[in-house]
Each structure stands twice: as structure tokens, then as C-alpha cells.
2 protein chains.
Amino acid sequence: MTRPAVRIVLADDERMVRTALRAILSAEPGLAVVGEATTGAEAVSVVRELRPDVVLMDVRMPEIDGMRATEQIVATLEPPPRIVVVTTFENDSYVYDALRAGAAGFLLKRSDADTLVQAVRLVAQTDSLLFPAAVRALADQYARRSAPSAPWVSKLTGRERDVLRHMAGGLTNAEIARRLEVGPATVKSHVAAVLAKTGARDRTQAVIAAYEAGFLSAG
Amino acid sequence: MTRPAVRIVLADDERMVRTALRAILSAEPGLAVVGEATTGAEAVSVVRELRPDVVLMDVRMPEIDGMRATEQIVATLEPPPRIVVVTTFENDSYVYDALRAGAAGFLLKRSDADTLVQAVRLVAQTDSLLFPAAVRALADQYARRSAPSAPWVSKLTGRERDVLRHMAGGLTNAEIARRLEVGPATVKSHVAAVLAKTGARDRTQAVIAAYEAGFLSAG
DNA sequence: ATCCCGCTCCGCCGCACGGGGGAGACACCG
DNA sequence: CGGTGTCTCCCCCGTGCGGCGGAGCGGGAT
């Protein structure tokens, strides 16, 4: 069963990186580098034209960064190519962003040649393998968690945030007052302000709003 | 750079599956099947003894299923082997469970030989490749959302779940009564029951408990 | 020097809420 | 047949809560 070669596009603004990747990948049977791009914008157009199976996408590039380019490609091409996001540092948030953007994989530049080749091969035929749709769903959940953060959050004063946090901890006004070492009346004032700003009718709705907005993890 | 062979343990209760996997993997240079197990419990002990690099773990097995076996192995061995969970059907929740249990990968039985081999190779040296620690973090978040589902959840009656859902929607008792088309007194009774079973002091704490337990998405 | 804003606190009022206790109807199960 | 569990509803009572209006103090901006 001789499969047709895996067609690859490299997107990286550094010539040396592209050269190195091309050297490694071209030496492999069944892998073919069919195009290169040096900016995110170029990556989008090149991929749209060449319709490769796999794209190795650097995160930091001029004009449009790799994340946005990935987003655009995944959103506009049907079926989208498998995009492997390549970066220098193991920054967790990059990985999340890559997954959210629709990347099929994530690779560090310090990876050795074997790992690179295997990753490309794997990703190229990734219909039923390592982490398919589920990981995307996971990333989407994460996105919902930390993304919008509701408009009212920024309008709360420091003290009001404190109070809301304690409200979300299930404390009564009196308990919050003790924790914050202020009078109960003060807490009442802050609670009233929180209710007004969150549009909540009572403390329960305010707590719900806090959870929905991801207020608790965000701080 | 001749690496030492990747040492593999197969855990599957069906002989044919083990034979097939062994045939495929043993034929590959650099891969060596060093042990087999036919139950989850056996898998744990075999892995503990042989300390393989990779474990191919079936989900459905006697005594202890693959998920629990994976959990136990990951939790007790340092460093844990790379565990690839193998299953027949592409059930999303399985993937989540596998990730949560600490699996490094997820593979379908209908995968072809190439995919299998590549997946094993990849996973074996997966320090810096596709989805490292970040995916675990993602799975942990997911776990917090819907995993344990707190003991009290199962103790709620159907009507109490209804009421709690509406409480978590920010409704007052009177509003809930209208929505459920029952009397306000009835709602009060259910609310009281919910508070007792959740250990909450007031409706706010109950709603918090509901959120923390992932009750809203689950029920 | 003035103004605005955040933090602190006060009193009064009405109400939804939660605690306690009880009760009738129905269904399921041993 | 009685026991058990669920859903339905009732009363009384105390209170935490939220709405309303007001006030003093300090800091930062203009």
C-alpha cells in the first residue's frame, strides 16, 4: 500500500528554521515539502492555494501570527489541513491557544528529527488516533472559562470584588464583615453595589453571575 | 544513535487482539513487546514488575477495567509509563476519562498497523511533542467540572433536582413554583430537602454546591 | 480649592427565606 | 397487607437580606 506522499507547507519567518525543517522532512520517504511561507498572511494564501495535508506553523511571524493564521485556515478551508503549531518555548497558554485555534498538534523547536517526522506522519493520518475531536471540545471549554469575563467585572471596585468573592464562598454578610474586619453595614453597602453592577436581584444571582463570568478563577 | 528498544506491555482480555498487536509491534525495529496482561489487575502488577515504556491498555477487561488500571498505574509508579488506551468505539467520554486517568494517548482498534506503530513510537518519546502537560491540565479542569459529581447528587429525588436547577437559575421560591406549576409551599419543602442533602445553609450555598459539582451540565 | 470616588458606617422597613413540625395521596415492594 | 419513599401542601416564627436615604473621611484629579 504505497500511499501518496504527505504534502507539507512550512510557515516560519526564519530562513534557517525553514531550511532545517525542509532538510529533515524531505529526506523522509512519503513526506514532501510543497511550499513555504514567511508570514502569517502568506501562510494563509499559500495553504489555500496548495491544499497541503500538514502545515508546520510558527507562532511568531510578521503581519499575522501563527495562531490567527491557524484560525483563519481552519475556519475557511474544508476540509482543513492538519496544522502543527511550532514554538520555541513550552508555554502552556500557547498550547491552549493552539488547540482552541484548531491546531491538530503542538511541537517544540528543540524536538529532535525523529520526533518531528513521527509527529508529521501521525498528524497526517489523524482520523482515528491520539486525541481527536475530544481535545477540541476540551479546549473549547477552556476558552469559555477564561475568555469573555463579562463587562461588569471591570466595573467592580477592589472592595466589591472582595465581597463578591466571599459571597461566592457562601458567607453571610455578617461573616464577610468579620473576615474583612469591617462593620456589617459596610458589607451591606458593598453587596448592594455588587447587585446593582451585576444586575443581580439577590446574592444568589450575583454568585451565579460570578461563576458564569469565570470571576472566581480570574480574580 | 541507536536507542534501546521501546519496551511494551499489552493489556487486553482477548487473545486475538494481543496476538495481532504483538505481531505488528514485534515486527518493528526498536519496539519490543515484553509482557501481556488479560485483566486490569494483572496489568497493574505486570507493569509494576516490568516497568515498560509504553502500555497498550484495553478499556473493557475483567476485574478492573482499563481506566482504573491506568489510574492506579499512573498514581503509583514514578515515573509512570506512557499508557495508550485502546478501545473499539469512538466514544468521547472514553477519551475524557482516559485523559483524566492519566493516559498519554487514545487509540481505536480499527486503526491500521502504521498508525499503531507510529503512535507507540511517538508516545514512547513524548517529552516535548504533541500534547504534553497542557492536555492533562485541560483534562483535570474537565474532571473538576463533571467527574466526582459529589455524593449528594445521587441522593436528590427528581423533583429536588428540578428545584435545584431553578435555584441555580436565580429564581425565587415563588418563581420556581410558577414554573413547576405547584404551590409555593411545595417548593419550600423541596428547597429544604435540597439544603439538607447538600449540606448547604441557604440557597446560595446550595447553588455554589451545584456549580462545584458540575450538577448543571450533568443533570 | 473643588469635585468626584471609594470606603466606611447609620437607621428604618418589608419581605423572602429557612427552621420546625405535621399531613394527605399515591406508588412500589416485600 | 404494611412499610417506605416521593410529591404535594399547610401553619407559625425568627431573621438575614435587600431597598431606601443619609453621612463622614480620605485620596486623586483638574
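Quick caveat, the model's predicted, so the values are computed rather than measured. A note on names: the letters A, B, ... follow the listed sequences, proteins ahead of strands, and every chain is numbered from 1. Any value given below was found using the heavy atoms of this structure, including those in side chains, with hydrogens, waters and symmetry copies removed.
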Restricting to nitrogen or oxygen on both sides, can you table the protein-nucleotides 24-30 of chain C pairs closer than 3.5 Å?
none

Next item on the list: Using atom types as modelled and distance alone, determine if a side-chain donor or acceptor of B:Asp202 lies under 3.5 Å from a backbone N or O of B:Gln205.
Entry: yes
Margin query: Please enumerate all residues that pass salt bridge (Lys or Arg N to Asp or Glu O under 4.0 Å) together with A:Asp13, with sequence neighbours excluded.
Written below: none
Checklist line | Set of salt bridge (Lys or Arg N to Asp or Glu O under 4.0 Å) partners for A:Arg201, sequence neighbours left out | finding: B:Glu175
Next item on the list: Write out all pairs satisfying salt bridge (Lys or Arg N to Asp or Glu O under 4.0 Å) with one or both partners inside residues 177-189 of chain A, taking only residues at least two apart or from two chains.
Entry: none
Note to self: My understanding is that only residues two or more places apart in sequence, or in another chain, count here; which of them pass salt bridge (Lys or Arg N to Asp or Glu O under 4.0 Å) with B:Arg22?
What the structure shows: B:Glu36
Notebook entry, point to check: From the 5' end of DNA chain D to its 3' end, which nucleotides mark the outer limits of contact with chain A, defined by a 4.0 Å heavy-atom distance cut-off (strictly under)?
Noted result: D:dC17 to D:dG19
Next item on the list: With sequence neighbours excluded, tell me which residues meet side chain to side chain contact (heavy atoms under 4.5 Å, CB included) with B:Ala75.
Entry: none
Next item on the list: Could you pull out all residues at least two apart from B:Ser189 that satisfy side chain to side chain contact (heavy atoms under 4.5 Å, CB included)?
Entry: none
Next item on the list: Give a yes-or-no answer on whether the side chains of B:Thr76 and B:Gln72 include a donor-acceptor pair shorter than 3.5 Å.
Entry: no
What are the atom names and distances for every N/O pair under 3.5 Å that joins the protein to nucleotides 14-22 of chain C?
residue	atom	partner	partner atom	Å
C:dC17	OP1	B:Asn173	N	3.4
C:dC17	OP2	B:Asn173	N	3.2
C:dG18	OP1	B:Arg203	N	2.6
C:dG18	OP2	B:Arg203	NH1	3.0
C:dG18	N7	B:Lys188	NZ	3.0
C:dG18	O6	B:Lys188	NZ	2.7
C:dG19	O6	B:Lys188	NZ	3.3

Pull out every protein N or O sitting under 3.5 Å from an N or O of nucleotides 3-7 of chain C, one pair per line with the distance.
residue	atom	partner	partner atom	Å
C:dC7	OP1	A:Arg159	N	3.1
C:dC7	OP2	A:Thr157	OG1	2.3

Item checked: Terminal axis angle for the helix from C:dA1-D:dT30 to C:dG30-D:dC1, five pairs an end, nearest 10 degrees -> 50°
Checklist line | Pairing residues for B:Glu160 by the side chain to side chain contact (heavy atoms under 4.5 Å, CB included) criterion, not counting sequence neighbours | finding: B:Leu156, B:Thr157, B:His190, B:Ala193, B:Val194, B:Lys197
Item checked: Test item: A:Arg82 side-chain N/O and A:Val54 main-chain N/O as donor-acceptor pair under 3.5 Å -> no
